[in-house]
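I have placed the structure first, in the form of structure tokens, so that the comments after it can refer back to it.
Just so it is clear, the model here is predicted, and its values are computed rather than measured. We count ligands from 1, going down the list as the structure has it; atoms in each ligand are counted the same way.
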Amino acid sequence: MLKIEHIGIAVQDLEASSLLFEKLLGTPAYKTEEVASEGVITSFFANGPNKIELLAATNPESPIAKFIQKKGEGMHHIAFAVTDIVAEIARLKAEGFVVLNETPKIGADNKLVAFLHPKSTQSVLIELCQDIK
Ligand SMILES: CC[C@@H](C(=O)O)C(=O)SCCNC(=O)CCNC(=O)[C@H](O)C(C)(C)COP(=O)(O)OP(=O)(O)OC[C@H]1O[C@@H](n2cnc3c(N)ncnc32)[C@H](O)[C@@H]1OP(=O)(O)O
Ligand SMILES: [Co+2]
């Protein structure tokens, strides 16, 4: 794992939360993108070298809708940058982590992504991200 790529925060109202984070960080979102396969719309904020991803659900089956229904809004996942996502998935699987998608999928912000089940990572959902060249 290279570094934390972003922190994902589940929100009910993307517009209202984006305004709040704009005030907090002193800078607007640099990108808003829908990822239909995940049932989410995301807004990204830069903070120095770090990124925060706000995620709102676009349908009731979205992982974000289910998460908010169970736990309320808040920290949803930590994403780590990796150079070789396929190798990292194999390594983590061999270490006993539960990989939710063994075939990487297209995420937001030009990345291939995979997730580890929070039950295998001390109740924190982990995302792996590799840049798409
Ligand atoms: C925009 C694309 C991408 C990016 O490029 O950055 C994203 O970030 S997309 C983010 C949204 N997508 C995902 O989260 C995909 C991976 N998640 C999943 O596959 C599912 O959410 C899940 C983690 C497998 C849970 O789904 P499911 O089992 O159907 O839901 P339950 O509600 O029954 O949860 C079971 C269990 O897990 C706990 N849980 C769920 N989500 C989280 C979470 N984010 N962090 C910690 N714990 C989580 C949930 O509370 C349940 O626990 P118990 O109640 O104790 O059983
Ligand atoms: Co994410």
* For Glu53, which residues count as a salt bridge (charged side-chain N to carboxylate O under 4.0 Å, His left out) partner, sequence neighbours excluded? -> none
* **Shortest protein heavy-atom distance from atom 2 (C) of ligand 1, along with the residue and atom involved** => Ala108 N, 3.8 Å
* Which atoms of ligand 1 have any heavy atom of Glu38 under 4.0 Å away? -> 9 (S), 11 (C), 12 (N), 13 (C), 15 (C)
* Distance filter under 4.0 Å to Phe67 heavy atoms, resulting ligand 1 atoms -> 41 (N), 42 (C), 43 (C), 44 (N), 45 (N)
* Any side-chain heavy atom of Val113 within less than 4.5 Å of one from Leu128? -> no
* Asked: At what distance, to the nearest 0.5 angstrom, does CD of Gln130 lie from CG of Asn110?
  -> 11.0 Å
* Asked: Where do Ile7 and His76 land on the side chain to side chain contact (heavy atoms under 4.5 Å, CB included) test, with the steps shown first?
  -> CA-CA 8 Å; Ile7 291 176; His76 181 259; over 6 Å; no
* Same hydrophobic cluster for Ile64 and Phe115, using side-chain heavy-atom links shorter than 4.5 Å among ILVMFWY? -> no
* To do: Say whether Lys111 and ligand 1 are in contact under the criterion: heavy-atom distance to a ligand atom below 4.0 Å.
  => no
* Does the side chain to side chain contact (heavy atoms under 4.5 Å, CB included) test come out yes or no for Ser43 and Leu14, once each step is laid out? -> CA-CA 8 Å; Ser43 282; Leu14 189 62; 3.7 Å; yes
* Asked: Between His77 and His6, what is the ring plane arrangement, given parallel below 30°, perpendicular above 60°, and tilted in between?
  -> perpendicular
* Report the nearest protein non-hydrogen atom to atom 20 (C) of ligand 1: residue, atom name, distance rounded to 0.1 Å. => Pro63 CB, 4.4 Å
* Which of the atoms in ligand 1, numbered in the order shown and given with their element, are less than 4.0 Å from a heavy-atom of Lys66? -> 29 (O)
* Asked: Should you measure from each heavy atom of Lys71, which atoms of ligand 1 turn up under 4.0 Å away?
  -> 47 (N), 48 (C), 50 (O)
* Give a yes or no on whether atom 22 (C) of ligand 1 lies under 4.0 Å from any heavy atom of the protein. => no
* Looking only at distances, please establish whether an N/O atom of ligand 1 is found under 3.5 Å from an N/O atom of His117. => no
* To do: Spell out, yes or no, whether Leu54 and Leu24 are grouped together once hydrophobic residues are joined by side-chain heavy atoms under 4.5 Å, including indirect joins.
  => yes
* Min heavy-atom dist Lys119 to ligand 1 below 4.0 Å -> yes
* Asked: Closer than 4.0 angstrom: is that true for some heavy atom of Ser123 and an atom of ligand 1?
  -> yes
* Are any of the protein's heavy atoms under 4.0 angstrom from atom 6 (O) of ligand 1, yes or no? -> yes
* List the steps, then state whether side chain to side chain contact (heavy atoms under 4.5 Å, CB included) holds for Phe44 with Ile52. => CA-CA 6 Å; Phe44 283 95; Ile52 290 176; over 6 Å; no
* Examine ligand 1 and decide if any of its atoms is less than 4.0 Å from a heavy atom belonging to His6. => yes
* Asked: Would you say Glu15 has more than 12 foreign heavy atoms packed within less than 6.0 Å of its CD?
  -> no
* Within the structure, does Val35 bring an N/O atom to less than 3.5 angstrom of an N/O atom in ligand 1? -> no
* **Atom NZ of Lys93: over 12 foreign heavy atoms under 6.0 Å** => no
* In one Ile/Leu/Val/Met/Phe/Trp/Tyr side-chain cluster, 4.5 Å: Ile9, Leu125 -> no
* Could you please tell me which protein N, O or S atoms lie under 2.8 Å from the Co ion (ligand 2)? => His6 NE2, Glu53 OE1, His77 NE2, Glu127 OE1
* **Whether Ser123 side chain and Lys119 backbone form a donor-acceptor pair below 3.5 Å** => no
* Polar proximity ligand 1 side, Thr42 side, N/O cut 3.5 Å exclusive -> no
* Which residue and heavy atom of the protein sit nearest atom 16 (C) of ligand 1, plus the separation -> Phe115 CG, 3.6 Å
* Structure fact -> ligand 1 to Gly107, heavy atom cutoff 4.0 Å, flagged ligand atoms 5 (O)
* Pick one of side chain, backbone, both or neither for how Lys70 approaches ligand 1, counting any non-hydrogen atom pair under 4.0 Å. => side chain
* Asked: Any donor and acceptor pair, going by atom type alone, linking the side chain of Asn59 with main-chain N or O of Ser62 inside 3.5 Å?
  -> yes
* Determine, for Lys111 against Glu127, whether the closest basic-nitrogen to carboxylate-oxygen distance falls under 4.0 angstrom. => no
* Asked: Looking at Glu127, which atoms of ligand 1 are within less than 4.0 Å of one of its heavy atoms?
  -> 3 (C), 4 (C), 5 (O), 6 (O), 7 (C), 8 (O)
* Structure fact -> For atom 19 (O) of ligand 1, the closest protein heavy atom turns out to be Leu100 CD1, 3.7 Å
* Asked: Is there side-chain contact between Glu38 and Lys105, with heavy atoms separated by less than 4.5 Å?
  -> yes
* Asked: Does the side chain to side chain contact (heavy atoms under 4.5 Å, CB included) test come out yes or no for Val40 and Thr42, once each step is laid out?
  -> CA-CA 6 Å; Val40 298; Thr42 68; 3.9 Å; yes
* List every atom of ligand 1 that sits less than 4.0 Å from any heavy atom of Leu125, numbering the atoms from 1 in the order shown and giving each element. => 14 (O), 43 (C), 44 (N), 45 (N)
* To do: Please check if a non-hydrogen protein atom sits closer than 4.0 Å to atom 13 (C) of ligand 1.
  => yes
* Structure fact -> Near Val40 (heavy-atom distance under 4.0 Å), the atoms of ligand 1 are 1 (C)
* Scan Leu92, Val99, Leu100, Val98 and name whichever one has a side chain to side chain contact (heavy atoms under 4.5 Å, CB included) with Ser120. => Val98
* To do: Select one of side chain, backbone, both or neither to describe which atoms of Asp109 lie under 4.0 Å from any atom of ligand 1, heavy atoms only.
  => neither
* To do: Identify, for atom 10 (C) of ligand 1, the protein heavy atom at the shortest distance, and state residue, atom and that distance.
  => Leu55 CD2, 3.8 Å
* Asked: At under 4.0 Å between heavy atoms, which part of Pro118 makes contact with ligand 1: side chain, backbone, both or neither?
  -> side chain
* Linked, directly or transitively: Met75 and Ile68 (ILVMFWY side chains, under 4.5 Å) -> no
* For atom 26 (O) of ligand 1, is the nearest protein heavy atom closer than 4.0 Å? -> no
* Could you state whether Val82 and Ile78 fall into the same hydrophobic cluster, counting links through intermediate Ile, Leu, Val, Met, Phe, Trp or Tyr residues with side-chain heavy atoms under 4.5 angstrom apart? => yes
* Does the protein put a heavy atom less than 4.0 Å from atom 45 (N) of ligand 1? -> yes
* Asked: What do you think, any protein heavy atom under 4.0 angstrom from atom 40 (C) of ligand 1?
  -> no
